[in-house]
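Residue numbers start from 1 in every chain, and the chains themselves are labelled A, B, ... in the order their sequence lines are given, proteins ahead of strands.
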There are 2 protein chains.
Amino acid sequence: MVVESALLSDKHIDRLFHALADATRRDIVARLLEREQSVSTLAAHYSMSFAAVQKHVAVLEKASLVGKVKRGREQIVHADPATLRRATRLLTAWEGVWAERVARMDEILAEPPTDH
Amino acid sequence: MVVESALLSDKHIDRLFHALADATRRDIVARLLEREQSVSTLAAHYSMSFAAVQKHVAVLEKASLVGKVKRGREQIVHADPATLRRATRLLTAWEGVWAERVARMDEILAEPPTDH
DNA sequence: CTAACGTACAACCAAATGGTTGTAGAAAGC
DNA sequence: GCTTTCTACAACCATTTGGTTGTACGTTAG
């Protein structure tokens with residue numbers, strides 16, 4: 001059974017989960033889900049250098065979790081909920097695999113014993 | 001708003017998503033959701049060395065996505081769907097943040113204009 | 001027009017990662 | 001009891017990652 005979304009390649013899923021495997025990047029995503037903001041506004045929340053935050057944003061961009069649009073001298077970063085939804089769907093599909101397995105076992109257990 | 005599950009520390013969530021940021025490890029998880037199996041049975045599916053697969057299993061274990069139980073000389077690996085569910089809940093909660101934001105904007109747009 | 005602000009990226013560094021090979025021990029099968 | 005199977009892990013290596021500093025360019029404000 002193919003569970004992984006046909007819309008995402010393995011490489012893309014790699015990037016997606018890798019992007020979420022860091023507390024700073026998760027925090028960035030959480031903030032952007034609340035509201036879009038510029039890179040430097042985001043950077044102000046973290047004790048690391050601006051360049052470090054930029055790198056995190058770049059990782060999130062490559063994972064399609066966020067996007068950027070230029071407004072004057074600022075780059076405004078926004079979340080991409082569609083990508084988030086795809087990630088959720090992938091995990092939900094996996095839960096489905098498990099649920100099916102449990103259901104099969106329940107059926108087997110519910111059957112009356114037969115002669116061997 | 002604190003979205004991340006109170007049941008998981010940041011470090012644990014790091015490990016969880018990092019564990020899923022590799023195609024081989026996702027495949028291992030998918031196979032184990034179907035059925036538990038030994039490390040060497042798992043290893044037979046991949047063209048890398050046994051030690052490499054062992055390392056992947058160790059990463060999944062640290063992330064609590066799988067567990068191992070010794071049966072004779074074999075270590076039987078099984079999936080831990082509870083951890084999977086926690087990961088799904090985290091992403092679902094994030095979708096909720098986005099949905100709330102969209103709902104707020106819809107409210108604002110639905111309000112009749114008022115005098116300034 | 002200039003200073004300040006905001007951003008991009010190169011180069012660097014230490015640590016982590018993913019894979020290999022080799023060694024060793026436990027358990028099963030003959 | 002010995003061979004085979006299964007597993008664990010150390011040591012190694014190349015690559016990637018996460019952070020820093022420094023330089024440079026575009027845009028805004030005065």
Quiz item: If you look at every strand shown and take non-hydrogen atoms under 4.0 Å, does E74(B) touch a base, only sugar-phosphate, or nothing?
Solution: sugar-phosphate
Quiz item: Using a cut-off of 4.0 Å on non-hydrogen atoms, how would the nucleic acid contact of R71(A) be classed: base, sugar-phosphate, or nothing?
Solution: nothing
So which heavy atom on [X] is nearest to which on [Y], and how close?
{"X": "S64(A)", "Y": "T83(A)", "answer": "O-OG1, 2.6 Å"}
{"X": "V66(A)", "Y": "V57(A)", "answer": "CG2-O, 4.0 Å"}
{"X": "L65(A)", "Y": "L16(A)", "answer": "CD1-O, 4.1 Å"}

Atom [atom1] of [X] and atom [atom2] of [N]: how far apart are they, to the nearest Å?
{"X": "H18(B)", "N": "dG18(D)", "atom1": "NE2", "atom2": "P", "result": "10 Å"}
{"X": "F50(A)", "N": "dC25(D)", "atom1": "CZ", "atom2": "P", "result": "17 Å"}
{"X": "K55(A)", "N": "dT17(D)", "atom1": "NZ", "atom2": "P", "result": "10 Å"}
{"X": "D14(A)", "N": "dT16(D)", "atom1": "CG", "atom2": "P", "result": "13 Å"}

Self-check item: side chain to side chain donor-acceptor pair (under 3.5 Å) partners of H45(B), counting only residues at least two apart
Solution: R31(B)
Quiz prompt | All side chain to side chain donor-acceptor pair (under 3.5 Å) counterparts of T41(B), not counting sequence neighbours | solution = S38(B)
Quiz item: Tell me, do M48(B) and T24(B) make a side-chain contact under 4.5 Å, heavy atoms counted?
Solution: yes
Quiz item: Looking at side-chain heavy atoms only, is the closest gap between R101(B) and L33(A) below 4.5 Å?
Solution: no
Self-check item: Comparing S47(A) and G72(A) on DNA chain D - which has the more 5′ nearest nucleotide
Solution: S47(A)
Quiz prompt | Position toward the 5' end of DNA chain D (nearest nucleotide), D22(A) or K68(B) | solution = K68(B)
Self-check item: Bounds of contact between DNA chain C and chain A, in 5' to 3' order, using a heavy-atom cut-off under 4.0 Å
Solution: dA4(C) to dC9(C)
Self-check item: Among dT4(D), dG18(D), dG26(D), the one nearest R73(A) by side-chain distance
Solution: dG26(D)
Quiz item: Where the side chain of R25(A) meets the backbone of H56(A), is there a donor-acceptor pair that is under 3.5 Å apart?
Solution: no
Exercise. Respond yes when some side-chain nitrogen or oxygen of H56(A) is under 4.0 Å from OP1 or OP2 of dG19(D), and no when none is.
Key: yes
Practice problem: Identify whether L60(A) and L90(B) are in the same connected component of the hydrophobic contact network (ILVMFWY, side-chain heavy atoms under 4.5 Å). | Solution: yes
Quiz item: In residues 36-45 of chain A, which ones come under 4.0 Å of DNA chain D, going by heavy atoms?
Solution: none
Self-check item: Net bend of the helix from dC1(C)-dG30(D) to dC30(C)-dG1(D), end axes of five pairs each, nearest 10 degrees
Solution: 30°
Self-check item: Nonpolar side-chain network containing I76(A), other nodes, edges under 4.5 Å
Solution: V69(A)
Quiz item: Salt bridge check: are K68(B) and E36(B) linked by an N-O gap of less than 4.0 Å?
Solution: no
